[in-house]
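Written out below as structure tokens is the structure these notes cover.
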Amino acid sequence: MRKLHYSPLAIVFAALITPSIQPLAQAQHTPCCGAITPAGERLAALLDGMHVESLWLANEHVNWETGEPDRGAGYEGPGRHTHCSAFAAAVAKKEGVYLLHPPEHGQSLLSNAQAKWLLTAEGKQAGWRPVTDMHKAQHLANEGNLVIVIYENPNPKEPGHIAIVRPSEKSARALEENGPETIQAGEHNHNKTNVRIGFENHPGAFPSGVRYYVHSMQ
């Protein structure tokens, strides 16, 4: 076997850069927003149990609570496009929390209506509070609180979007690039995605056009 020989300069250079690489690698794997608590694990299990990738499917009219189709394959009426807002309301109801839902508002353009409702005294009385930033939003979800991220379309005739923030031990870099981890219904249903991808059909939404709200579950 051929023996490798390294110059003294190469050995010194390697010794200098190795300590700087280690903290970088550690930072990439350090959770940005705290560990997932037992309450956070319970929330994650509840979200996984919603089976969002097979229910609340786009282009079908669905029962807002269950996500099951309820009008038949030939239905062409309103309320069949996407179901992000119905799914978010269904998750909230599972947690014993009220988020505006049918029959108080129909499924069409419901996310825009929810965004407006969250700003009202009624939304505050229901227990919803604004969250200042996405770091805090992810931290609160990791603790098992119900956190939503919502975008109100500036065109009232076009749909907005809403998703649930799910517990995640993502790195600070991943949070900065993609936002909190989410679960959502929509044009594409995702059990696990992030705000950047989930809201990409809404220009201007991520990062500064969305709002975060929390309902404490402690």
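In this chain, numbering begins with 1 at the start of the sequence shown. The basis for the numbers below is simple: all heavy atoms, side chains too, and nothing from hydrogens, waters or symmetry mates.
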Path from [X] to [Y] over hydrophobic side-chain contacts below 4.5 Å:
X    : Y    : answer
L110 : I162 : yes
I150 : L100 : yes
F87  : V97  : yes
V149 : F206 : yes

Stepwise side-chain contact (heavy atoms from CB on, under 4.5 Å) check, I148 with V165: CA-CA 6 Å; I148 58 176; V165 177; over 6 Å; no
Go through the structure and list residues passing side-chain contact (heavy atoms from CB on, under 4.5 Å) with E68, not counting sequence neighbours.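 With sequence neighbours excluded, E68 shows a side-chain contact (heavy atoms from CB on, under 4.5 Å) to L55, T66, given in chain and number order.
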With sequence neighbours excluded, what pairs up with A126 under the side-chain contact (heavy atoms from CB on, under 4.5 Å) test?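 With sequence neighbours excluded, A126 shows a side-chain contact (heavy atoms from CB on, under 4.5 Å) to W117, W128, given in chain and number order.
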What distance separates [X] [atom1] from [Y] [atom2], expressed to the nearest 0.5 Å?
X    : Y    : atom1 : atom2 : answer
I164 : Q184 : CD1   : CD    : 10.5 Å
M217 : L43  : CE    : CG    : 8.5 Å
Q138 : Y212 : CD    : OH    : 9.0 Å
K93  : E65  : NZ    : CD    : 3.5 Å
C33  : E181 : SG    : CD    : 11.0 Å
L99  : L118 : CG    : CG    : 6.0 Å

Q218 and N145: side-chain donor and acceptor closer than 3.5 Å?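 Present: a donor and an acceptor within the cut-off.
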For E95, which residues count as a salt bridge (Lys or Arg N to Asp or Glu O under 4.0 Å) partner, sequence neighbours excluded?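 Result, salt bridge (Lys or Arg N to Asp or Glu O under 4.0 Å) vs E95: R42.
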Residues in salt bridge (Lys or Arg N to Asp or Glu O under 4.0 Å) contact with E200, at least two apart in sequence or another chain: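 Residues passing salt bridge (Lys or Arg N to Asp or Glu O under 4.0 Å) with E200: none at all.
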Is there a salt bridge (charged side-chain N to carboxylate O under 4.0 Å, His left out) between E177 and R196 once you walk through the steps? CA-CA 8 Å; E177 291 178 352; R196 181 183 64 80; over 6 Å; no
Tell me if a side-chain donor or acceptor on [X] pairs with a main-chain N or O of [Y] at a distance below 3.5 Å.
X    : Y    : answer
H135 : C32  : yes
N63  : P69  : no
N142 : S168 : yes
R129 : Y213 : no
N112 : E158 : yes
S111 : G160 : yes
N178 : L175 : no
N153 : P156 : no
Q114 : S85  : yes

What pair of heavy atoms forms the shortest contact from [X] to [Y], and how long is it?
X    : Y    : answer
N194 : K170 : CB-NZ, 4.1 Å
A141 : V147 : N-CG2, 3.8 Å
T182 : R166 : O-CD, 3.7 Å
H83  : L57  : CD2-O, 3.1 Å
W64  : A90  : O-CB, 3.5 Å
L140 : V131 : CD1-CG2, 3.9 Å

Does any part of the side chain of [Y], heavy atoms only, come nearer than 4.5 Å to the side chain of [X], both counted from C-beta?
X    : Y    : answer
V62  : Q107 : yes
I183 : V52  : yes
L119 : R211 : yes
P207 : V195 : no
T120 : Q125 : no

Under the rule for ring pair (Phe, Tyr, Trp, His ring centres under 6.0 Å), what residues qualify as partners of Y151, not counting sequence neighbours?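 Testing Y151 for ring pair (Phe, Tyr, Trp, His ring centres under 6.0 Å), a comparison that skips the adjacent residues, returns H202.
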Output every pair passing ring pair (Phe, Tyr, Trp, His ring centres under 6.0 Å) with a member in residues 162-200, not counting sequence neighbours, ordered by first then second residue.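 Sorted pair list: H161-F199.
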Does atom CD of E104 have more than 12 heavy-atom neighbours from other groups under 6.0 Å away?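 Correct, the count exceeds 12.
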Should we say atom NZ of K116 is surrounded by more than 12 heavy atoms from elsewhere, each under 6.0 Å from it?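 Atom NZ in K116 is packed in, count exceeds 12.
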